[in-house]
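In listed order, ligands and their atoms are each counted from 1.
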Amino acid sequence: MNDSSAAAERSYDDFYACFDSPLANAIRREVYGRDIGQHSCVLTEELEDDSQLLRLSHSSRLLDLGCGPGGPLCFVMGLTGCRAIGLDLSTEAIASATARARILGLQERITLRVADLDEALDIEARSFDSAISLDVVLHLRDRSQAFGEIARVLVPGGRFLFTDAGVITGAVSNEEIRLRSLHGHTQFVSPGLNERMLASAGLRLLDQVDRTGSLLEVSSRRQAVRLAHRAELESHEGVEGFDRQQLYLETVCALSRRKAVARVMYVAECESATL
Ligand SMILES: C[S@@+](CC[C@H](N)C(=O)[O-])C[C@H]1O[C@@H](n2cnc3c(N)ncnc32)[C@H](O)[C@@H]1O
């Protein structure tokens, strides 16, 4: 694991260590309305619609790259009946995802493993019908390598759906970049880069949708809900830690409102030429 990956793990592990506490559950319910155990800007209603793009059935195999505590993955499994593998760098995330899958009775159909997506995937070629990666790619050091790996493990015609919350669409200061990069290694990219890298990996872009609205909605609600729970959160995070998170959320909201950084959902299909 490289230094950047280690930094991302520490940062997310801090959240995941108490992800299933009564306070964290209450905050997520207030933020998302329908809390499915996501640690991202994924709105449950959006995921419900987007998962149809994956054309999953009971016999499909789904790969979640950067599954976190497994909420979105378990939700899609519940909707479609598919089998799945979830990978994440964080051991705390995988522990939480494993507990969630057990509670939901999905343990027979899911495998959850710690893995670094900056390295080659320990997965056989052409073994998945679809892949998702929700709000993860901005933490990777070499997304072209990751896209190549995804193309390798998907069957021809298999679909890959991901969100990138780091597409630069306006002027951003160095201070904003610093504040926005709180969760470890963070890469911001120009519009068109994901599209070009998907194409070079043999993943044909089918659609892309601006989802900055969800980012703004979730982040502004999270900021307000956290403020309402300030005293309890400060006792866990410390005064400085609490302020740092609030400033991070404030920066995300400001960048989204003035359309300086976009969150985009992409869906692509694996071309048979990659075989
Ligand atoms: C914003 S969270 C999203 C989690 C999940 N996809 C969800 O929607 O709830 C980003 C996740 O990416 C994971 N991550 C960051 N860098 C990674 C890497 N190099 N390899 C694997 N996972 C990574 C983090 O541990 C974290 O769980």
Side-chain angles (χ1 to χ4, degrees), residues 1-20 24-25 27-28 31-32 34-48 50-51 54 62-77 84-101 110 112-123 130-147 149-150 153 160-166 180-187 211 214-215 218-219 222 245 248-249 252 263 265-266:
M1 190 190 301
N2 58 55
D3 288 349
S4 307
S5 299
E9 183 186 27
R10 271 199 306 278
S11 166
Y12 278 108
D13 266 349
D14 291 346
F15 284 103
Y16 295 151
C18 51
F19 192 78
D20 301 306
N25 284 332
I27 289 178
R28 279 202 308 281
V31 170
Y32 295 105
R34 279 173 77 194
D35 163 37
I36 54 167
Q38 61 272 69
H39 186 64
S40 57
C41 294
V42 172
L43 293 172
T44 309
E45 296 71 20
E46 261 172 19
L47 184 61
E48 210 159 26
D50 288 349
S51 60
L54 298 171
L62 172 66
L63 177 63
D64 187 355
L65 301 135
C67 63
L73 180 57
C74 290
F75 181 71
V76 174
M77 289 178 74
I85 292 189
L87 306 175
D88 200 280
L89 186 63
S90 160
T91 46
E92 298 278 3
I94 293 300
S96 169
T98 303
R100 180 177 311 280
I110 195 168
L112 294 153
R113 289 206 305 249
V114 173
D116 186 352
L117 302 173
D118 283 322
E119 294 171 4
L121 298 176
D122 184 15
I123 289 177
S130 289
I132 55 174
S133 191
L134 305 171
D135 294 345
V136 177
V137 74
L138 82 170
H139 293 308
L140 303 186
R141 297 174 71 245
D142 183 358
R143 71 186 67 194
S144 67
Q145 183 266 352
F147 289 172
E149 279 294 275
I150 292 159
V153 302
F160 173 42
L161 186 151
F162 72 101
T163 51
D164 183 1
R180 177 66 183 80
S181 307
L182 186 65
H183 302 299
H185 179 81
T186 308
Q187 263 188 2
R211 288 283 163 77
S214 325
L215 180 70
V218 169
S219 303
R222 195 190 290 275
Q245 288 297 331
Y248 161 78
L249 291 167
V252 171
R263 177 175 182 265
M265 185 278 283
Y266 304 83

#### Entry: For D118, the ligand 1 atoms whose distance to one of its heavy atoms is below 4.0 Å
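Close to D118: 19 (N).
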
### Query
For ligand 1, which atoms have a heavy atom of G66 less than 4.0 angstrom away?
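So the atoms of ligand 1 that pass are 4 (C), 5 (C), 6 (N).
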
### Task
Please work out which of the three classes, parallel, tilted or perpendicular, describes the rings of Y12 and F15, given edges at 30° and 60°.
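Answer is tilted, since the angle falls between 30° and 60°.
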
### Task
Hey, can you tell me if H39 and F19 have their rings parallel, tilted or perpendicular (30° and 60° cut-offs)?
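H39 and F19: perpendicular rings.
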
### Query
Within the structure, does D135 bring an N/O atom to less than 3.5 angstrom of an N/O atom in ligand 1?
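No - when backbone and side-chain N and O of D135 are compared with those of ligand 1, no distance drops under 3.5 Å.
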
### Task
Have a look at ligand 1 and work out which part of C67, if any, has a heavy atom under 4.0 Å from it: side chain, backbone, both or neither.
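For C67, only backbone atoms sit under 4.0 Å from ligand 1.
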
### Query
Where on L87 is there a heavy atom closer than 4.0 Å to ligand 1, on the side chain, on the backbone, on both, or on neither?
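Within the 4.0 Å criterion, L87 makes no contact with ligand 1.
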
### Query
Considering F19, F162, Y16, F75, which one's heavy-atom position lies nearest to atom 27 (O) of ligand 1?
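Going through F19, F162, Y16, F75 one by one, Y16 has the nearest heavy atom to atom 27 (O) of ligand 1.
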
### Query
So is R222 actually on top of Y248's ring, under 6.0 Å and inside 45° of the axis?
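Judged by the rule (NZ or CZ under 6.0 Å from the ring centre, within 45° of its axis), R222 is not positioned above Y248.
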
### Task
Any chance you could measure H139, atom NE2, to S181, atom OG, to the nearest 0.5 Å?
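Going from the NE2 atom of H139 to the OG atom of S181 covers 9.0 Å.
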
### Task
Show the numbers, then the answer: is there a side chain to side chain contact (heavy atoms under 4.5 Å, CB included) between T44 and F75?
CA-CA 9 Å; T44 309; F75 181 71; 3.7 Å; yes

### Message
Working note: L215 + T163, criterion side chain to side chain contact (heavy atoms under 4.5 Å, CB included); need CA distance, chi angles, decisive distance, verdict.
### Response
CA-CA 11 Å; L215 180 70; T163 51; over 6 Å; no

Taking only non-hydrogen atoms of [X], do any sit less than 4.0 angstrom from ligand 1?
X    : answer
A115 : yes
P72  : yes
A93  : no

